[in-house]
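Taking it in order: structure first as structure tokens, then the write-up.
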Amino acid sequence: MKICVLVKEVPDAAVEKRIDPSTGRMDRSGERNLNPYDTHAIEAAMQIKEGGAVEVDEIVAVTMGPASAVRALHKAVSLGADRSVHLSDDALAGSDVAATGYALAQTLERESPDLVLLGQQSDDGECYTIGAVLADHLRMPSLTQVIKMDVVEGKLTCERQAEYGYDTVEIRTPAVISVGDAINEPRYPSLKAIMGAKKKPLEALGAGDVGVDISKVGAEGSQVDCGTFKAPPAKQAGTIIEDEDTIETVGKIVAWLDERKLI
Amino acid sequence: MATATPDTYTEKTDEQKAIIEMVRQFADEQIIPNAEHYDHEDEFPEPIVEQMRELGLFGVTIPEEYGGMGLDLTTYVMIVEELSRGWISISGIINTHFIGSYLLMKFGTDEQKQRWLPRMATGEIRAAFSLSEPEVGSDVQAIKTSAKKVDDSEPAMYEINGQKMWVTNGLMSGLVFVLVKTDPDADPRHRGMTCFVAEKEPGVGENTGEYAGFTVPPKLKKMGYKGVESTELVFDGYRCPAENVLGGEQAGLNKGFAQMMDALEVGRANVAARGVGIAQRALELALRYSQERKTFGKPIAEHQAIQFKLADMATQIEAARLLTLKSARLKDAGERSDLEAGMAKLFASEAGRFCVEESFRIHGGYGYSKEYEIERLYRDAPLLLIGEGTSEIQRMVIGKKLLSRHKI
């Protein structure tokens, strides 16, 4: 079995995210890191490999992104992936979700994975949708928010988180599975894994290498057109009721709610 | 003096960045949330130590050929800062181990390296080192514990007698690098001292069999720095093979003092990093609390009195970190760093004490409560003023070295 894990370089969680008004894209300057949600997908792949129910030949981390995304790939291999693939091309810059999904699908076609795993969302764009786009291009079944996965040859039994509880779904492979962050606790990369990360194979590919039609990608090829951006209106400060006498405080809260016909 | 620019002191390689990120996450998720429990119970944090073994943190500086990572002192002090930011007892667990491995790497014979380093790199056996005695701390030359060669023993043996004090990891370690007198008539006295690698059973108080005569009394009760044990060691007719003389009997006999002083130099960079780590944590706690707590109708962080404290803390931390990294980088570059390591140890340990006290004051009455982390930091930080040479000893050493470097 070959597992491909999609990973992404995102602005570090500590960095305040903002849209660059001149480009309409996210400002990606400052510290960047591997999307924390992706670490759950890598861990899920590792647990399948170590679980022994199926033979996993290799785990491949795949990303699309600028040159700096190499660091996210190094982190991915330090967490257990055997090698990585980096799709990077100026023509891809500014791609929307549909265009990114198309380009990544083209990249994955070359790998013919039995299973594609990805995190539930990226910590920057937060679209939650790339898995579905990919699956459509790859003609594979797809599930989202998977928090438990049992693998046997040719099929997966997954538990997916839903608003009303859990769905248990059987799905045949190859498939695209987006995992929820409740699926596992990702391991820490050991010093040895960190030091060895640069020694694992990393394949750098351009749009042409994976047969991407560049009229379908980049800012030009994207369907989404970003208009103007406005900062969300600042929230008005709420009313703070100091709790000096609890009976009085409760009375004040009830009166406040009553006034607005909320109770 | 090195010609490095300030940038080169703080710059990190990709690997160093990735390592620090991992250790910081480990401290945030595994150490900080559990420190209160282990501190309160004064219990050895075995689950955390087990994870540290898996992560490779016991073999940071041990060469790859012995199964370690072969990383430099600079990377090591960066790691120590992060672990100490979590809890200085955790860094204490690897610190003596690091000094033991340094002594072996620098002075050990090939046979000694082969014998111990691979198991040290994995953390399977852990090391302690021991100079102080009940009546002797800073004045190392006045130690009384002695070793005498046993007549006609095969293999050749030394019998060690005496008492040691303040041995971090004294109980759980399997190796103790111990400094003893081997020539009572030596003049000067430091030329009559030898470092033995004393083996024992980890976790055992009263050793028997081949380690008989090596007793570890119950751990000392301390103000802070809990979880990791500090013990006495009692040697009463303990027989140590001559092949356990650090560097071999021929080359190592009566050379122990210089070996230990060399190790203390890297030990000082190490303690400095611990000072930076604890100070950094104190600042983080102060920054958070001062923005949450309100007095006179506004968060206390908006009062200048508090801002001045935060400013002084952050400034001292930055200076302490730079001094620490500079001393480590000089050592890695093969340059003399004794003066710099002393300055770093002095400044960073004092910065640790200063910052925990300022953070404690910012916390007001809550800082005195065990509900708040700063209470533990306040008890932990003073250790750094004492261990690996007190601030007063550092000043003496720095003063003497300054004069010798600038003799007219």
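Just so it is clear, the values below take in all heavy atoms, side chains as well, and ignore hydrogens, waters and symmetry mates. Everything numeric here is computed off the predicted structure, so don't read it as measured data. To find a chain, count down the sequence lines: A is the first, B the second, and so on, and within it residues start at 1.
In terms of non-hydrogen atom pairs under 4.5 Å with chain B, the most contact-rich of A:Ser78, A:Ala197, A:Ala193, A:Ser190 is A:Ser190. Of the listed residues (B:Lys17, B:Met69, B:Gln51), the greatest number of heavy-atom pairs within a distance under 4.5 Å of chain A belongs to B:Met69.
Within 6.0 Å of the CZ atom in A:Arg18, the count of heavy atoms belonging to other residues, nucleotides or ligands exceeds 12. In this structure, A:Leu262 places its CG atom where more than 12 heavy-atom neighbours from other residues, nucleotides or ligands lie under 6.0 Å away. Atom CG of A:Asp243 has more than 12 neighbouring heavy atoms from other residues, nucleotides or ligands inside a 6.0 Å radius. Heavy-atom neighbours of B:Glu292 CD from other residues, nucleotides or ligands within 6.0 Å: above the threshold of 12. Within 6.0 Å of atom CD in B:Glu371, 12 or fewer heavy atoms from other residues, nucleotides or ligands are found, so the atom counts as exposed in its surroundings. Shown here is A:Glu185, whose CD atom has no more than 12 heavy atoms of other residues, nucleotides or ligands within 6.0 Å.
Taking the side chain to side chain contact (heavy atoms under 4.5 Å, CB included) definition, one finds that A:Ser84 meets it with A:Ala61, A:Leu73, A:Val77, A:Leu202, sequence neighbours left out.
One finds the CD atom of B:Gln25 at 7.5 Å from the OG1 atom of A:Thr39 (value rounded to the nearest 0.5 Å). One distance of note links NZ of A:Lys192 with CD of B:Glu64; it measures 8.5 Å at 0.5 Å rounding. Distance check: A:Arg71 CZ to B:Glu21 CD gives 5.0 Å after rounding to the nearest 0.5 Å.
At a 4.5 Å heavy-atom cutoff, the contact between B:Glu54 and chain A is made by backbone atoms alone. For chain B, the nearby part of A:Lys75 is the side chain; its heavy atoms alone come within less than 4.5 Å.
For the residue pair A:Tyr188/B:Gln30, the side-chain donor-acceptor check at 3.5 Å is satisfied.
Between B:Glu15 and A:Ile194, the shortest heavy-atom contact is O-CG2, 3.9 Å.
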